[in-house]
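First up is the structure itself, then whatever we jot down about it.
Residue numbers begin at 1 in each chain, while the letters A, B, ... track the order of the sequences.
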Amino acid sequence: MSDNLIHALSSPTDSDTVGADVTVLHARLVESASATNSLDLTYRVVDSPVGRLLLAATEVGLTRIAFESEGHDAVLGSLATRIGPRILHDDKRFDEIARELDDYFDGHRHTFDIPVDLRLSRGFRLEVLRHLRDIPFGRTESYAQVAASAGNAKAVRAVGSACATNPIPIVVPCHRVVRSDGGLGGYLGGTAAKRLLLDIESAA
Amino acid sequence: MKRPFEQAVTEHGTVVLRVCRAVLGVEEADDAWSETFLSALRAWPDLPDDADVRGWLITIAHRKAIDVARARARRAAPVDRLPERPAPQGERPDQALPDDALWSALAALPDKQRQCVAYHHVAGLPHTEVAAIVGGTPAAARRACADGIARLRLTYASNEVSSHV
């Protein structure tokens with residue numbers, strides 16, 4: 001009999017309903033935390049033709065898109081260290097971003113209007129990322145061309161590493177940088193993903 | 001703490017809500033939960049990485065529950081004398097709780113016994129941590145918890161037989 005009482009206290013039979021209530025309270029927490037600038041980051045995971053994508057944003061804008069292969073938990077852990085651990089899941093914050101991504105994958109959207117926050121990049125890599133945003137939908141440039149445009153024609157390898165560490169792939173279109181011999185070049189999300197993105201853009 | 005705060009909500013959000021309900025009743029538990037997690041979010045970066053997150057959250061929830069109960073007392077209609085203690089449960093104390101009879105019985109306990117039972121049996125904290133939260137010695141916390149359980153057995157026993165086969 002004693003076990004029944006202790007068990008009822010410690011092992012809830014109401015987990016489902018309490019869990020649903022916590023979901024409601026969580027949404028409320030996101031709202032009040034945003035309103036009081038208490039958050040470093042919010043995030044959401046969306047499905048896409050290149051797999052599940054982790055989207056993370058600061059107040060300023062979208063700051064990270066991570067492919068599933070990067071390990072979303074590991075990426076969130078790294079963001080907690082680099083930007084701040086006051087991180088909450090929030091679907092609503094990303095409705096517009098998710099819509100723009102959907103339109104892009106459908107071939108209907110050629111540029112992204114959502115604000116981005118490039119705080120994870122510095123120096124020459126940041127210069128490269130800024131230039132990448134100027135390469136139009138459906139076009140490609142070689143690593144050497146990008147190096148020259150970013151202000152250092154000899155820094156071809158540095159362009160490669162800037163692309164490989166691009167914190168906001170797809171929206172900052174590093175997939176539009178290919179080898180001058182016509183080869184695809186590497187891609188953080190895998191060469192199949194790069195191929196798919198370029199195919200979407202050439203078909204549209 | 002360097003981990004994303006979302007993990008704290010995922011791992012401990014449910015138990016903190018059950019504790020708030022056990023201490024305050026369903027109606028006011030939501031406010032206490034919200035205040036607890038907003039405070040915890042703000043303080044999260046300063047929490048040491050090896051801290052006991054659940055104990056830390058329950059400590060905050062304990063203070064927030066006191067705040068909520070005091071606010072309720074201030075809102076209460078003026079009376080000639082203060083009630084011996086504020087009514088522990090909300091208007092619908094039984095809503096969404098696992099066992100109506102059990103949680104009503106819990107709500108009828110004296111504050112300290114109810115807190116000690118909630119923090120030890122619902123939250124799973126050891127008596128030493130419970131004592132640090134409610135004040136007093138671990139032995140006193142253990143005693144209050146045991147007294148609370150003994151009282152629950154009296155008030156809850158008849159229902160227990162029928163509701164827990």
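In terms of heavy-atom pairs under 4.5 angstrom with chain B, the leader among Ala33(A), Ser32(A), Ser38(A) is Ser38(A). Each of Arg3(B), Gln7(B), Arg42(B) has some count of heavy-atom pairs under 4.5 Å with chain A, and the biggest count is that of Arg42(B). In terms of non-hydrogen atom pairs under 4.5 Å with chain A, the most contact-rich of Pro45(B), Ala118(B), Ala123(B) is Pro45(B).
Of the candidates Val15(B), Val16(B), Thr14(B), Val22(A) forms a side-chain contact (heavy atoms from CB on, under 4.5 Å) with just one, namely Thr14(B).
The contact between Leu17(B) and chain A is made entirely by side chain atoms (from C-beta outward), counting heavy-atom distances below 4.5 Å. Proximity to chain A (any heavy atom under 4.5 Å) is restricted, for Val117(B), to the side chain, taken from C-beta onward. Looking at Arg86(A), the atoms closer than 4.5 Å to chain B (heavy atoms on both sides) sit in the backbone and in the side chain alike.
Taking OG1 from Thr36(A) and CG from Leu41(B), the interatomic distance works out to 7.5 Å, rounded to the nearest 0.5 Å. Rounding to the nearest 0.5 angstrom, the gap separating the CH2 atom in Trp44(B) from the CG atom in Asp40(A) is 12.5 Å. Separation of atoms CD (Glu6(B)) and CG (Leu29(A)) is listed at 8.5 Å; rounding is to 0.5 Å. Here CH2 of Trp33(B) is found 7.0 Å from NE2 of His26(A). Values are rounded to the nearest 0.5 Å. From Glu31(A), atom CD reaches atom CG of Leu38(B) across 12.0 Å, with rounding to the nearest 0.5 Å. Between Ser10(A) atom OG and His121(B) atom NE2 the span is 8.0 Å, to the nearest 0.5 Å.
The pair Asp21(A)-Arg21(B) meets the salt-bridge criterion, with a side-chain N (NZ, NE, NH1 or NH2) lying under 4.0 Å from an Asp/Glu carboxylate O.
Between Pro4(B) and Pro85(A) the shortest side-chain heavy-atom distance does not fall below 4.5 Å.
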Should Leu25(A) and Ser34(B) be marked as a side-chain contact (heavy atoms from CB on, under 4.5 Å) after you check the CA-CA gap, both sets of side-chain angles, and the distance that decides it? CA-CA 7 Å; Leu25(A) 290 171; Ser34(B) 297; 3.8 Å; yes
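Here the side chain of Arg18(B) pairs a donor or acceptor atom with the backbone of Leu9(A) at under 3.5 angstrom.
Other residues, nucleotides and ligands contribute over 12 non-hydrogen atoms within 6.0 Å of the CZ atom of Arg109(A).
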